[in-house]
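Below you'll find the structure, written out as structure tokens, and then a few comments.
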2 protein chains.
Amino acid sequence: MAKTRNRATGLPTLAEVAERAGVSPITASRALRSVPTVDPDLVDRVRQAARSLGYVPNPAARTLASARSRTVVVLIPALSNHLFIEMFEAIETVLRARGFEPLLGHYQYDALEEERLIRTFLTYQPCGLLLTGFDQTPAATRLLTDCGLPRVHMMELGEETEIPSVGFSQDEAGTAVAWHLISRGRRRFAFLGAQLDRRVLQRRDGFQRALLEAGMQPAVEFLSPDPSSIALGCQQFRSLRRDYPDIDAIFFCNDDLAFGASFEAARMGVPVPRQIAFVGFNDLPGANELVPRLTSVRTPRAEIGRVAARRLLALLDGETLSQPALDIGFELMPRQSS
Amino acid sequence: MAKTRNRATGLPTLAEVAERAGVSPITASRALRSVPTVDPDLVDRVRQAARSLGYVPNPAARTLASARSRTVVVLIPALSNHLFIEMFEAIETVLRARGFEPLLGHYQYDALEEERLIRTFLTYQPCGLLLTGFDQTPAATRLLTDCGLPRVHMMELGEETEIPSVGFSQDEAGTAVAWHLISRGRRRFAFLGAQLDRRVLQRRDGFQRALLEAGMQPAVEFLSPDPSSIALGCQQFRSLRRDYPDIDAIFFCNDDLAFGASFEAARMGVPVPRQIAFVGFNDLPGANELVPRLTSVRTPRAEIGRVAARRLLALLDGETLSQPALDIGFELMPRQSS
DNA sequence: TCCGCACAAGATAGCGCTATCCTTAACTCT
DNA sequence: AGAGTTAAGGATAGCGCTATCTTGTGCGGA
């Protein structure tokens with residue numbers, strides 16, 4: 001008996017479960033993994049033995065023996081962006097329900113760090129990966145291709161590729177914001193951006209293109225490589241007011257910049273939206289409570305996480321996805337600030 | 001050669017490194033783990049062989065063979081609270097630098113879910129744990145004691161216990177806020193709380209006790225079991241104004257409640273701090289930018305994470321901590337709102 | 001010179017599972 | 001009835017490492 005216990009933790013092992021159920025270890029293993037060739041009565045007996053012993057499989061042994069784990073690597077650019085947290089929580093819920101464990105990594109928007117993470121996490125022999133965007137380094141892309149593991153990219157749509165992705169068109173979102181501001185009679189535009197990842201730039205491009213097509217002057221740009229934050233929004237707004245006092249509409253690449261600008265505008269006595277209209281992005285918690293309530297683009301990050309996780313599970317089940325790039329859209333939330 | 005490759009990933013194994021370095025696998029293993037009995041020349045040769053092959057150890061095999069991993073379980077109440085994200089990022093930095101990998105879990109402030117996580121994560125045979133607070137279930141506490149793994153509790157200080165902890169006195173923080181508000185001439189107090197974990201209640205208790213000792217009326221309490229959020233702050237502030245229009249100072253258990261209340265006050269035309277003073281908690285990003293700038297208690301969460309991780313590493317190195325409960329204080333940040 | 005000792009390096013075994021055969025028994029079909 | 005077929009369950013081996021024991025080597029002291 002004691003011999004069958006895990007030497008370090010004292011936890012019961014599969015051998016002990018098998019003994020109690022009166023079957024061989026391999027049958028117990030199969031029963032617990034729902035391998036269909038096992039007699040239902042035996043499955044019951046094994047399951048019950050496992051329950052009564054409080055048996056939990058040893059993931060290290062499982063991974064080593066099967067050369068495959070129940071782990072799904074999830075990589076997000078940063079933990080400090082609430083956007084990705086919500087996406088991750090949705091992923092986690094879907095995966096856990098099917099007995100998979102997410103392994104979370106983040107890389108501060110640094111593609112080289114992302115590559116390093118991929119290299120490290122592949123040694124954990126995950127069964128699949130969920131990645132944010134398509135801006136991996138060439139070396140990372142090679143690693144991903146070579147390992148042959150199923151993966152789904154999130155937030156951005158893969159164009160001209162068979163690689164599964166779930167997201168929305170960042171470009172179209174920028175366009176929608178432009179139309180909205182134009183329709184409200186705005187004429188002199190600015191784009192305030194931080195953390196210049198691909199998606200921010202796609203938004204910017206869509207915004208600028210729409211302005212151009214509408215015959216407007218291109219938007220003034222204030223771009224910062226720093227992470228977007230409320231404090232940065234304050235700074236950028238002050239700079240903008242100093243250099244371009246006649247701007248009458250701002251599109252912020254993220255709501256926290258808009259929050260900061262909103263605070264600064266109040267302090268400076270600049271009336272929003274009378275003198276200047278604000279449109280944020282992501283519709284983060286608080287956007288609807290801000291004074292004035294902030295117009296923003298609601299991004300379906302929880303839905304993206306959920307769908308991406310489900311797609312990955314489908315791939316693991318051997319299904320094929322009819323449509324690799326799945327666009328689940330976005331929603332403009334017009335509020336007081338514009 | 002091919003025989004020594006990992007069957008699933010095609011990655012080189014320790015056997016291949018050993019062969020290239022001209023030593024036995026076990027010597028290679030020892031060299032890479034810096035076991036001191038290996039000849040420095042051999043260590044060099046092995047290290048170089050490993051580098052040239054791009055060798056990375058297989059964590060599953062390592063864990064299985066040694067019954068111990070390089071994994072540290074880190075449990076936080078929720079991902080959606082920026083406080084814990086900052087703490088985790090600091091932990092991660094310290095652990096990674098020493099070759100340890102954090103395994104992050106969160107439990108939505110649910111002690112039973114925390115217990116389940118502990119049970120699951122122990123099967124990963126971590127080498128230690130970092131936990132938030134001291135409000136584990138009795139069963140979880142038993143699990144933790146039985147497994148005998150080193151652990152450090154964060155954010156709260158363990159009283160009358162030898163279990164290592166790093167944090168500050170939540171109670172004293174509440175007291176400090178009370179003194180501050182009293183010193184500013186405030187007389188009618190409210191405490192708005194959400195997500196009623198132990199630490200929130202300790203803050204409340206410290207606040208109320210100080211008021212009592214100063215001969216003040218006890219603070220009116222608005223407590224919600226829901227997670228704290230900007231939207232909830234709005235609601236609670238409206239309710240408070242409706243039921244107790246003469247309150248002249250509010251202590252919020254978290255800054256986001258104060259943010260919401262601040263927005264709502266602006267909308268309702270209630271002047272802050274003239275008619276009512278606000279004090280938040282945690283000094284989250286944006287507190288210093290809010291209009292009016294928010295008085296808050298700066299909690300050293302990054303420092304807590306850093307120190308806790310370092311203490312755990314010290315325990316793993318076999319050191320003993322002279323002082324189990326380490327108080328690293330807090331700082332009241334008086335600003336415009338009070 | 002020989003013995004014993006310290007210590008570096010290797011041989012061996014096994015961690016707790018699962019992949020892959022292999023056995024056995026029940027059944028079908030001619 | 002006998003060969004062939006199918007399927008359930010077990011025996012065996014091995015995943016890639018490391019704990020532990022064993023061996024070999026060099027050295028000092030009697």
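The analysis underlying the following values was restricted to heavy atoms, covering all of them including side chains, and did not include hydrogens, waters or symmetry mates. Every chain is numbered from 1 and lettered A, B, ... according to where its sequence line falls, protein lines coming before strand lines.
- Contact annotation: the side chain of A/Glu115 approaches that of A/Leu112 to within less than 4.5 Å [non-hydrogen atoms, C-beta and beyond].
- With rounding to the nearest 0.5 angstrom, the CZ atom of B/Arg119 is 5.0 Å from the CG atom of B/Leu143.
- At C/dT18, one or more side-chain N or O atoms of A/Ser29 fall inside 4.0 Å of OP1 or OP2 (strictly under the cut-off).
- Between the C1' atom of D/dG16 and the CD atom of B/Gln125 lies a distance of 15 Å, rounded to the nearest Å.
- Residues B/Pro164 and B/Leu315 have side chains in contact (heavy-atom distance under 4.5 Å, counting atoms from C-beta outward).
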_Pair B/Arg20-B/Leu53, side chain to side chain contact (heavy atoms under 4.5 Å, CB included): steps then yes or no_ = CA-CA 9 Å; B/Arg20 176 174 291 215; B/Leu53 287 167; 3.5 Å; yes
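- Here C/dT18 presents its C1' atom at 9 Å from CG of A/Leu14, a figure rounded to the nearest Å.
- Using a 4.0 Å cut-off, no side-chain N or O of A/Tyr124 falls inside it from OP1 or OP2 of D/dG16.
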All N/O contacts under 3.5 Å from nucleotides 23-26 of chain D to the protein, with atom names and distances to one decimal?
none

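- Sequence neighbours left out, the pairs with a member in residues 91-100 of chain A that pass side-chain hydrogen bond (donor to acceptor under 3.5 Å, both in side chains) are A/Glu92-A/Arg96, A/Glu92-B/His106, A/Arg96-A/Glu101, A/Arg98-A/Asp317.
- Each end of the helix from C/dT1-D/dA30 to C/dT30-D/dA1 gets its own axis, taken as the rotation carrying the C1' atoms of four end pairs onto the next four within a five-pair window, and the two axes meet at 50° to the nearest 10 degrees.
- In this structure, B/Ala28 and B/Ala61 both approach DNA chain C, and ranking their closest nucleotides by distance from the 5' end singles out B/Ala28.
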Output a table of donor-acceptor pairs, distance under 3.5 Å, between side-chain atoms of residues 72-91 of chain A and any protein atom two or more places apart or on a different chain; print 'none' if there are none.
from: A/Asn81; atom 1: OD1; to: A/Leu83; atom 2: N; distance (Å): 3.1
from: A/His82; atom 1: ND1; to: A/Glu86; atom 2: OE2; distance (Å): 2.8
from: A/Glu86; atom 1: OE1; to: A/Arg301; atom 2: NE; distance (Å): 3.2
from: A/Glu86; atom 1: OE2; to: A/Arg301; atom 2: NH2; distance (Å): 3.3

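- With rounding to whole Å, A/Arg68 atom CZ is found 21 Å from D/dG14 atom P.
- For B/Tyr55 and D/dC17, the shortest distance from a side-chain N or O to OP1 or OP2 is below 4.0 Å.
- Regarding B/Leu64, its CG atom lies at a distance of 12 Å from the P atom of D/dA19, rounded to whole Å.
- With rounding to the nearest 0.5 Å, the separation of CD in A/Glu156 from CZ in A/Phe134 is 7.0 Å.
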*Step by step, work out the side chain to side chain contact (heavy atoms under 4.5 Å, CB included) result for B/Arg68 and B/Thr63.*
CA-CA 5 Å; B/Arg68 178 80 8 133; B/Thr63 302; over 6 Å; no
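- For the pair A/Leu11 CG and C/dC15 P, the interatomic distance rounds to 16 Å; values are reported in whole Å.
- A heavy-atom distance below 4.5 Å is not found between the side chains of B/Leu11 and B/Val56.
- The listed nucleotides are C/dC17, C/dT18, D/dT18; the one nearest the side chain of A/Thr13 is C/dC17.
- When all heavy atoms of A/Gln136 and A/Gly133 are compared, the pair lying nearest together is NE2-O, 3.4 Å.
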When the side chains of residues 120-131 of chain A are checked against the rest of the protein, which donor-acceptor pairs come out under 3.5 Å, sequence neighbours left out?
from: A/Thr120; atom 1: OG1; to: A/Arg116; atom 2: O; distance (Å): 3.0
from: A/Thr123; atom 1: OG1; to: A/Thr120; atom 2: O; distance (Å): 2.6
from: A/Gln125; atom 1: OE1; to: B/Asn6; atom 2: ND2; distance (Å): 2.8

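- When rounded to the nearest whole Å, the span between CZ of B/Arg45 and C1' of C/dA9 equals 12 Å.
- Rounding to whole angstrom units, CZ of residue A/Arg62 and P of C/dC17 are separated by 8 Å.
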Check nucleotides 4-9 of chain D against the protein and report each pair of N or O atoms closer than 3.5 Å, with its distance, or say if there are none.
from: D/dA8; atom 1: O5'; to: A/Thr37; atom 2: O; distance (Å): 3.1
from: D/dG9; atom 1: OP2; to: A/Asp39; atom 2: N; distance (Å): 2.7

*After noting the C-alpha distance and the side-chain angles of A/Leu32 and A/Arg47, does the key distance pass the side chain to side chain contact (heavy atoms under 4.5 Å, CB included) rule?*
CA-CA 7 Å; A/Leu32 293 173; A/Arg47 288 259 162 88; 4.3 Å; yes
